[in-house]
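Just so it is clear, the model here is predicted, and its values are computed rather than measured. Below, chain A is the first sequence line, B the second, and so on; all start at residue 1.
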There are 2 protein chains.
Amino acid sequence: MVARYAQIAGELRDAITRGEYAVGAQLPSEAELAVRFAVSRGTIRQAVAVLGAEGLVGSRQGARRIVLGRERSQSFAELHSFAQWAWSMGYEVGGRVLRQRRRAASAAEAARLALRPGEPVLAVLRLRSLEGEPVMLERTVYAGWIAPAVERLDADCASVTQALHESVGLVFAYGEHLLDAVAAGSEDSRLLAVRRGGPLLRQRRVTTTPEGRPVEWSDDRYRAGSVAFGIRNSVDVNPLVRQVGELRPSP
Amino acid sequence: MVARYAQIAGELRDAITRGEYAVGAQLPSEAELAVRFAVSRGTIRQAVAVLGAEGLVGSRQGARRIVLGRERSQSFAELHSFAQWAWSMGYEVGGRVLRQRRRAASAAEAARLALRPGEPVLAVLRLRSLEGEPVMLERTVYAGWIAPAVERLDADCASVTQALHESVGLVFAYGEHLLDAVAAGSEDSRLLAVRRGGPLLRQRRVTTTPEGRPVEWSDDRYRAGSVAFGIRNSVDVNPLVRQVGELRPSP
DNA sequence: AAGTGGTCTAGACCACCGG
DNA sequence: CGGTGGTCTAGACCACTTC
């Protein structure tokens, strides 16, 4: 059962991708689309909100929506795997499972993994190293349905992503990441060999299947100075965005 | 004129931040909130959609919304200006110039700003605050050609980006960002009121004109826990790359 | 079975944009 | 000025969760 607004979003997205609505061109008005698809304006607004969240169209009160681009973001696969990134940079990478046990999901974990609170999850503590030095502590919670495959992995498996792909055909896709700084706790400081209370870069992330089913929720802590995250905003992506001015994503 | 749903989102966000709704706890039902705020359920749904987009709460059909976290997150999609981001989130933002002086560009600065070493730059130290509390220390080096416009700004100008846009028509585009964690130095700890050696989230960034001409190079340090940077792959267009940092203490 | 969020409708008024 | 998107209401039905 696919919601009507999602179907409409899909049709409009396809039309944009096909070039039916060129970049920079206007989308039909909400009222017009409501008539065309024989739905209420509210449903149309849900549909175009999806496109807005995908960065395909922009809007300003009083003016028609403008097509900003033709492609949804993709790629990004290497971000999900510490090992694959390291290999691609020519670094020697290692990993070791320090602790692994099944337990019930907390309320917050359940919500992040789209599970019911109390459902079984697999909590894993992994120490990752680069060039032989420990640089990252990975506290991961896997959804119960993938737990058996994770438990079958070697304790010193270098790339979990690749191993799961080979063993059960799992592909990691879309995710969500939060980056901030935290003080090293006692376990952090012992395992990463840093001063207690010292700075760590924390990356919290959700990994899902390409269909959007959550696979893991992880809290990764990097020793300060070992790794930095970089973002390049391509200037060329959308000169139009700046022409139009302040575009605010619709809720 | 602030929309009612935005006000409600703000109140709920505050309640979560204050810990009134703990992480993992349930939010009241939409119907209950509609009664409490004396609005329709549709408006409540707009409000909680904002919190969902901020990553503060999660939802599953049939079950109440769950609080996922209590921290503000900064999306790279809106990574344009500290002030504009804060304003869009409904926060009260402040800024104050603590030090400002012209000097010659170092070799590293010159490289970042596409200048010759020794060419004049304007170094500015700014303390930024959120809701009246100091949260970020900004050490910016402006290219000489924009320096006069920067010097004309108020010392407590809240949005430099906006002010420069209005005064000289300058539009910022964003080139490159590096995120990592560093230990607070003595100046950092004094001005941000944190423990010396404690964790800070550092964002180093280059800002350019839309044509690619570098405008500023900045080292921004956030108090741990005050702000997190978020990336949503499914929504975001910006590639995120992990990089090895060999950059030790910067000036 | 009752409660809850997800979806959808059919109106309405307003602020803003364009010609 | 008319058209458009932004906001808001007051209903409705359904799928799903919780008890």
Does any non-hydrogen side-chain atom of B:Val67 lie less than 4.5 Å from one of B:Glu20? no
With sugar-phosphate meaning primed atoms plus P, OP1 and OP2, does A:Arg116 contact a base, only sugar-phosphate, or nothing at under 4.0 Å between heavy atoms? sugar-phosphate
Taking the basic N atoms (NZ, or NE/NH1/NH2) and the acidic carboxylate oxygens, is any pair closer than 4.0 Å for A:Glu32 and A:Arg64? yes
To the nearest angstrom, how far is B:Glu32 atom CD from C:dT4 atom C1'? 11 Å
When you get a sec, tell me which of D:dG6, D:dC8, C:dG6 is the closest nucleotide to the side chain of A:Arg41? D:dG6
Looking at side-chain heavy atoms only, is the closest gap between B:Leu33 and B:Leu12 below 4.5 Å? yes
Separation of A:Phe37 atom CZ from C:dC8 atom C1', in whole Å? 16 Å
Does A:Thr43 make a side-chain N or O approach to OP1 or OP2 of C:dT9 shorter than 4.0 Å? yes
Nearest-Å distance, CG (A:Leu33) to P (D:dG3)? 17 Å
Nearest of D:dT7, C:dT9, C:dT7 to any side-chain atom of A:Val39? C:dT9
Do A:Gln7 and A:Phe37 come close enough that some side-chain heavy atom pair is under 4.5 Å? no
With no angle test and no hydrogens, is the base of D:dG6 tied to the side chain of B:Arg4 by a donor-acceptor pair under 3.5 Å? no
Look at A:Glu187 together with A:Arg99 and state whether they make a salt bridge at an N to O cut-off of under 4.0 Å. yes
Check this one for me: any side-chain N or O of B:Ser59 less than 4.0 Å away from OP1 or OP2 of C:dG6? yes
Return the nearest nucleotide to the side chain of A:Glu30; candidates are D:dG5, C:dG6, C:dC8. D:dG5
Nearest-Å distance for atom pair CD1/P, residues B:Ile44 and D:dT7: 15 Å
Residue whose nearest DNA chain C nucleotide is more 5′ - A:Ala38 or A:Gln61: A:Ala38
Could you state the CD-P distance from B:Gln26 to D:dT17, rounded to the nearest angstrom? 14 Å
C:dC17 phosphate, OP1 or OP2, under 4.0 Å from A:Arg64 side-chain N/O: no
Any side-chain N or O of B:Arg65 below 4.0 angstrom from OP1/OP2 of C:dG6? yes
Which listed nucleotide (D:dT4, D:dT7, D:dT9) is nearest to the side chain of B:Gln46? D:dT7
Quick check: on DNA chain D, is the nucleotide nearest A:Pro117 upstream (toward 5') of the one nearest B:Ala6, or the reverse? Name the residue that is more 5'. B:Ala6
